[in-house]
Engineer: 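Let me give you the structure first, and then I'll get to my questions.
A quick note: this is a predicted structure, and the numbers were derived from the prediction, not measured.
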Amino acid sequence: MEEERSIALHQLMVNEGLIPSSEEEERRQSVVYELRKIVLAWIKRVAWQRRLTKQQIAATSATVLTNGSYGLGVHGPGSDIDALCVCPFFATIGEDFFIVLCNMLKDSPEVSEIHCVRDAKAPLMRFKFDGIPVDLPYAQLKVLSVPEDVDVLNPFFLRDMDEASWKSLSGVCANKCILQLLPDVESFQSLLRCVKLWAKRRGVYGNLHGFLGAVHLAILAAFVCQSHPGASLSALVSEFFKTFAFWPWPTPVVLQDGISPVPGDASEIRSFMPIQLPCTPYEYCHSNITKSTFYKIRAEFLRAHNLTRDLLRLGFDWSGIFEPFPYSKKYTQFVKIFLSAPDQDKLGDWVGWVKSRFRSLIVKLEEVKGLCDPNPTEYVDTGIAEANVVFYCGLQPGKTNSLDIESVGMDFLKNINNGSQGSCGRMELSIVQASELPKVEQVEGRRGKGWKASWRIPRYTHQGTPVYSQHLPHYFLGYGANHEAPAGFSATG
């Protein structure tokens with residue numbers, strides 16, 4: 001019967017469209033292969049611009065590594081590809097990556113919708129390759145040549161690395177460590193697909209909203225697989241919820257790698273749910289979890305445990321675990337965050353930047369209302385012509401004190417504008433009742449993963465400033481970027 005439960009759960013994953021077909025797999029492999037060819041041609045061109053010798057140009061190389069859900073093998077048919085351009089010491093990010101490589105990608109007929117995010121903690125380009133969304137950050141190693149099978153865990157390659165490169169490379173390192181420490185990779189992949197679906201349906205997925213991100217769930221799933229080697233999929237799911245429903249937080253979750261644990265950063269250990277990165281004993285997963293979101297995550301772990309603790313009972317059905325969280329029944333009052341922009345391109349950058357600051361809004365609402373439950377789902381108000389995205393945050397039932405939404409909004413706007421280089425987006429905050437929730441269309445499903453945390457860096461266009469190589473006089477590289485207007489805000493009660 002346990003095996004039957006596992007088969008039924010796997011079939012549910014198939015029915016939900018979480019497992020890509022062999023044709024889709026081949027298409028993604030082809031994208032990575034072609035991207036590596038472009039990156040290799042790019043680094044040869046950069047080496048020539050640097051006037052390296054013929055022998056050095058022949059010897060130098062760069063590569064593309066995959067990470068995220070694709071790197072772990074848990075991506076779905078609509079997932080993007082998280083890749084990483086790893087290059088040698090002489091390739092600069094401002095001139096070579098964002099201008100030379102960007103222009104080479106633009107010239108490729110398979111590439112469309114290319115977009116640069118230069119001032120993020122992990123600078124990257126976003127584009128579609130053969131219709132598949134790709135995130136391509138940059139990391140620089142202090143070597144002349146980066147082999148295709150570079151061992152990112154080898155200290156030789158990691159020496160003297162700058163902070164931005166390490167942030168970009170850390171996801172690849174974490175993925176590789178996780179896969180190396182697993183007793184059974186396929187069981188882990190199946191478990192992780194299940195818990196990601198659960199987290200999304202129950203509204204506890206999304207680091208920017210204060211919930212569990214992809215790396216958090218991957219490490220938690222790997223921990224359970226390590227603790228129960230050889231267990232069936234149904235047993236692993238049951239043990240996952242049992243383990244973390246009663247986990248003594250803030251005791252950190254640490255994967256066993258045969259090395260004695262080393263105390264990590266004190267600020268992370270004091271966080272609500274510390275989860276240690278497996279690639280280093282000193283670092284923890286970045287977390288935006290707050291008092292409210294911690295409460296909800298624990299409540300959802302306990303609910304799922306209660307539903308899965310007796311898998312062998314007659315009439316057991318997996319569908320109950322994955323029921324969408326009933327926001328309109330749970331809360332009577334919501335904060336509505338309405339974000340708009342003149343077009344979809346500008347909207348994506350504006351939404352990503354606002355989301356990267358969401359934690360400050362959640363904390364402020366907690367101070368005033370005691371509890372705030374941000375719904376990670378992104379919606380669009382179809383009754384408004386302007387490109388828009390709408391978020392809702394459930395407020396604590398029965399809390400009678402009034403909420404000065406304008407004051408909250410002004411505080412949030414200050415946080416948004418701190419560090420921003422300007423955006424043409426607009427934001428409105430308002431209080432709505434559950435009965436007043438408008439008819440909206442979910443963004444997710446139409447646009448895959450939705451907007452990511454970033455803000456707009458204008459494309460290199462012919463309206464910008466011509467840029468020439470600093471190393472090869474009169475060699476034209478591309479065009480610089482222009483600036484945009486500041487954001488606007490309004491609030492209604």
Side-chain angles (χ1 to χ4, degrees), residues 20-21 23-43 45 62-71 75-85 93 96-120 122-138 168 341-353 378 380 387 389 423-425 443-464 467 476-482 484:
S21 66
E23 292 79 8
E24 291 167 334
E25 283 291 293
E26 290 175 2
R27 188 173 163 216
R28 279 177 170 73
Q29 291 171 7
S30 176
V31 167
V32 175
Y33 174 76
E34 293 298 326
L35 191 54
R36 282 175 176 153
K37 285 172 59 177
I38 294 174
V39 166
L40 183 58
W42 162 72
I43 204 62
R45 180 181 296 186
T63 192
V64 171
L65 304 177
T66 59
N67 64 326
S69 61
Y70 183 76
H75 55 288
S79 300
D80 60 7
I81 296 176
D82 291 306
L84 173 65
C85 175
I93 188 167
D96 300 317
F97 182 74
F98 278 123
I99 299 181
V100 179
L101 180 56
C102 181
N103 283 326
M104 289 181 67
L105 289 169
K106 285 181 180 180
D107 290 339
S108 176
E110 298 89 359
V111 176
S112 63
E113 301 180 32
I114 191 165
H115 177 69
C116 298
V117 185
R118 294 193 293 175
D119 295 331
L124 74 156
M125 284 188 279
R126 291 195 175 115
F127 50 89
K128 287 186 177 180
F129 199 111
D130 192 22
I132 297 176
V134 177
D135 276 10
L136 188 70
Y138 158 100
S168 298
D343 58 55
Q344 287 293 335
D345 266 354
K346 293 181 176 63
L347 178 67
D349 306 313
W350 175 229
V351 171
W353 176 239
E378 301 174 0
V380 57
V389 166
S423 170
C424 56
V443 169
E444 293 178 329
R446 296 190 305 112
R447 300 189 62 96
K449 296 175 72 173
W451 318 110
K452 290 190 175 182
S454 66
W455 60 98
R456 185 167 181 77
I457 304 297
R459 299 180 181 186
Y460 297 103
T461 66
H462 292 276
Q463 286 71 42
V467 179
F476 175 71
L477 296 176
Y479 290 88
N482 298 314
E484 294 185 340

Engineer: Got a sec, which residues hit side chain to side chain contact (heavy atoms under 4.5 Å, CB included) with Glu24, two or more places apart in sequence or on another chain?
Structural biologist: Pro20, Ser21, Arg28, Pro77
Engineer: If every non-hydrogen atom of Val100 is compared with every non-hydrogen atom of Arg45, which pair is closest and at what distance?
Structural biologist: CG1-CD, 4.1 Å
Engineer: Quick check: closest heavy atoms across Val39 and Ala62, and the distance to 0.1 Å?
Structural biologist: CG1-CB, 3.7 Å
Engineer: Can you tell me how far CG of Leu84 sits from CG of Asp135, rounded to the nearest 0.5 angstrom?
Structural biologist: 11.0 Å
Engineer: Taking all heavy atoms of Ala83 and all of Asn67, pick out the closest pair and write down the distance.
Structural biologist: N-OD1, 3.9 Å
Engineer: If I take atom SG from residue Cys102 and atom CH2 from residue Trp42, how far apart are they, to the nearest 0.5 angstrom?
Structural biologist: 12.0 Å
Engineer: I need the Leu35 CG to Ile81 CD1 distance, nearest 0.5 Å.
Structural biologist: 8.5 Å
Engineer: Are the side chains of Glu34 and Asp130 in touch, meaning some heavy atoms are under 4.5 Å apart?
Structural biologist: no
Engineer: State, to 0.1 Å, how close Gly131 and Pro133 come at their nearest heavy-atom pair, and which atoms those are.
Structural biologist: O-CD, 3.7 Å
Engineer: May I ask you to say whether Asp343 pairs ionically with Lys346, meaning some side-chain N is under 4.0 Å from a carboxylate O?
Structural biologist: yes
Engineer: For Ala122, does its backbone N or O pair with a side-chain atom of Ser168 as donor and acceptor, under 3.5 Å?
Structural biologist: no
Engineer: Hey, what do you get for CZ (Phe98) to CG (Leu124), rounding to the nearest 0.5 Å?
Structural biologist: 6.5 Å
Engineer: Between Arg36 (side chain only) and Val64 (backbone N and O only), is there a donor and an acceptor less than 3.5 Å apart?
Structural biologist: yes
Engineer: How close do Ala387 and Gln344 get, counting heavy atoms only, and between which atoms?
Structural biologist: CB-NE2, 3.7 Å
Engineer: List the residues meeting side-chain hydrogen bond (donor to acceptor under 3.5 Å, both in side chains) with Glu25, not counting sequence neighbours, and say none if there are none.
Structural biologist: His75
Engineer: Sequence neighbours excluded, which residues qualify as side-chain hydrogen bond (donor to acceptor under 3.5 Å, both in side chains) partners of Glu110?
Structural biologist: Ser108
Engineer: Within a strict 4.5 Å, meaning less than it, do heavy atoms of the Val134 and Val32 side chains meet?
Structural biologist: no
Engineer: When you compare the side chain of Cys85 with that of Leu101, does any pair of heavy atoms fall below 4.5 Å?
Structural biologist: yes
Engineer: For Asp107, check side chain to side chain contact (heavy atoms under 4.5 Å, CB included) against everything at least two apart and list the hits.
Structural biologist: none
Engineer: Report the residues that fulfil side chain to side chain contact (heavy atoms under 4.5 Å, CB included) with Ser112, sequence neighbours left out, ordered by chain and then residue number.
Structural biologist: Lys128
Engineer: Can you name the nearest heavy-atom pair linking Phe127 to Ile114, along with the distance?
Structural biologist: CB-CA, 3.7 Å
Engineer: Check ring-ring contact (aromatic ring centres under 6.0 Å, His included) between Phe129 and all other residues, then give those that pass, not counting sequence neighbours.
Structural biologist: none
Engineer: Measure the spacing between OG of Ser69 and CG of Asp80 and express it to the nearest 0.5 Å.
Structural biologist: 6.5 Å
Engineer: CG/Leu40 to CD1/Ile38 distance, rounded to the nearest 0.5 angstrom?
Structural biologist: 11.0 Å
